[in-house]
Amino acid sequence: MSETPRLTVMDVDTGIDDAMALALATRSPELALLAATTLAGTVDVAQTTANTLNVLAYLDAADVPVHRGASRALARPHHHAAHFHGDSGLGSAVLAASERGVSPERGPAAIIRHAVARPGELTLVCTGPLTNLAIALNVAPELPTLLKSVVVMGGAYHVGGNVTPHAEFNVFVDPEAAVEVFSNRALDLTVVGLDVTYRVALPKAVWEAAATVSSPYAQLIARVCAWAWTGHRRTGLFLHDPLTVAVALDPTLVDCTRRSVTVSCASENRGETRAERAGTIKVAETVEAERFLSSFAETLGLTWVSADPASLVAV
C-alpha cells in the first residue's frame, strides 16, 4: 500500500455494514476520509444521514463532514431494506445523537468539489445505490478525469442476488443510476459484487468477543451487529461494505477481469447485472478472504476466530 494516505470520500446509505465500513475507514492509517455523502438506500436519507453522523461521532471522527444527498432513486420511489437492517438502519443499536449538524452542501456537489480540488488524487467509495454518483456525473461530465478511482459495492455477476434471485440490493434500488455509472467508460471503476462479498463473513464468535473489547471500534461492531443474531438463524454476517473499503486501500485483495457491465431496468428482472464482454470495468471475481478477514479484525481490534465459510449461514 502507498505510504501516503489515500484521499477518500465515502458515499453511504449507512446501515449495519456501512457502519462497519466507516469504522474500517476511520481506523485505517492508510486512508484519509475527507467526507461522507449520504443517500436513501437501506433506510430513508434523513435516517442514513443521522446514522452517519452518529457513527462518526461514536468513533471520535466527528470532524469528517457529512453531506446529505439523494432522497430517492433517479426514476423510482425509494425501496428500503428495513426488514434486515431494522427501522433505524442500525438494527437494535442506539447510538448517542451527534451534536453536529449536516453540512449545507449536498452530496453530489461535495463529491464534485473534492475531485476538483484534488484532481487525480481522490478515491470515491460507494457502498449504497449509485444515485449521488450518477447525479454528479450528469452535473460534471469531466468528473471521471478528476477522480483517481471509484470502488463500488454493487452487482451479482455469477451468483444469485440478495433482494431478488437476480439482483443485488444497491443496483436494484436505482438501476438507472447504475446504468449511468457502469456505461461511463472514462471512470477508473472497480465493482465489488456479491461474487466476492459472499466469501467474507463475520463469524458470530468474533461478534461475541467484540463485546469484551473496550475500544469504540469493537464496541460499534458488537452493537450494530447484534440485530443479525436476534431472531435470525445466522452464524455469520457478510462484510459487503467493509470489503469494498479494503479493496480501495489494497486492490490486490481481489482478482478482477475487465468487463462491460449491463444492468436491466425492466420490471421482471430489475437490477440484474451481467458482465460478459471485455470492457473497462474491473469486476472482482476472487478474493483473498482470510487475508482480508484477519486484517479487518486486526485493524478494529477484534479477536479473530476462523470459521469454515461453508458453515456460515449469513445475510
>> Applying the side chain to side chain donor-acceptor pair (under 3.5 Å) criterion to Thr127, which one of Asp18, Asn170, Thr42 satisfies it?
In response: Asp18
>> In terms of relative ring orientation, are Phe238 and Tyr198 parallel, tilted or perpendicular, with 30° and 60° separating the classes?
In response: tilted
> Which heavy-atom pair separates Val45 from Thr49 by the least distance, and what is that distance?
Replying inline: O-OG1, 2.6 Å
>> Quick one, Thr38 with Val66, criterion side-chain contact (heavy atoms from CB on, under 4.5 Å). Give me CA distance, side-chain angles, the key distance, then yes/no.
In response: CA-CA 7 Å; Thr38 67; Val66 175; 3.9 Å; yes
> Would Arg118 and Glu121 pass as an ion pair if we require N to O under 4.0 Å?
Replying inline: no
>> Just to verify, what does Asp174 make a side chain to side chain donor-acceptor pair (under 3.5 Å) with, not counting sequence neighbours?
In response: Thr131
>> Once ring-ring contact (aromatic ring centres under 6.0 Å, His included) is applied, do any residues pair with Phe169, and if so which ones, sequence neighbours excluded?
In response: none
> Just checking, Arg259 and Tyr157: is the charged tip under 6.0 Å from the six-membered ring centre and within 45° of the axis?
Replying inline: no
> For Met153, does its backbone N or O pair with a side-chain atom of His240 as donor and acceptor, under 3.5 Å?
Replying inline: no
>> Does either side chain, that of Thr286 or that of Asp255, offer a donor lying less than 3.5 Å from an acceptor on the other one?
In response: yes
> Should Lys282 and Asp188 count as an ion pair when the cut-off is N to O under 4.0 Å?
Replying inline: yes
> If you take all heavy atoms of Pro144 and Pro141, which pair is closest and at what distance?
Replying inline: CD-O, 3.2 Å
>> Could you report the tightest heavy-atom contact between Arg258 and Gly279, atom names first, then the distance?
In response: CB-O, 3.1 Å
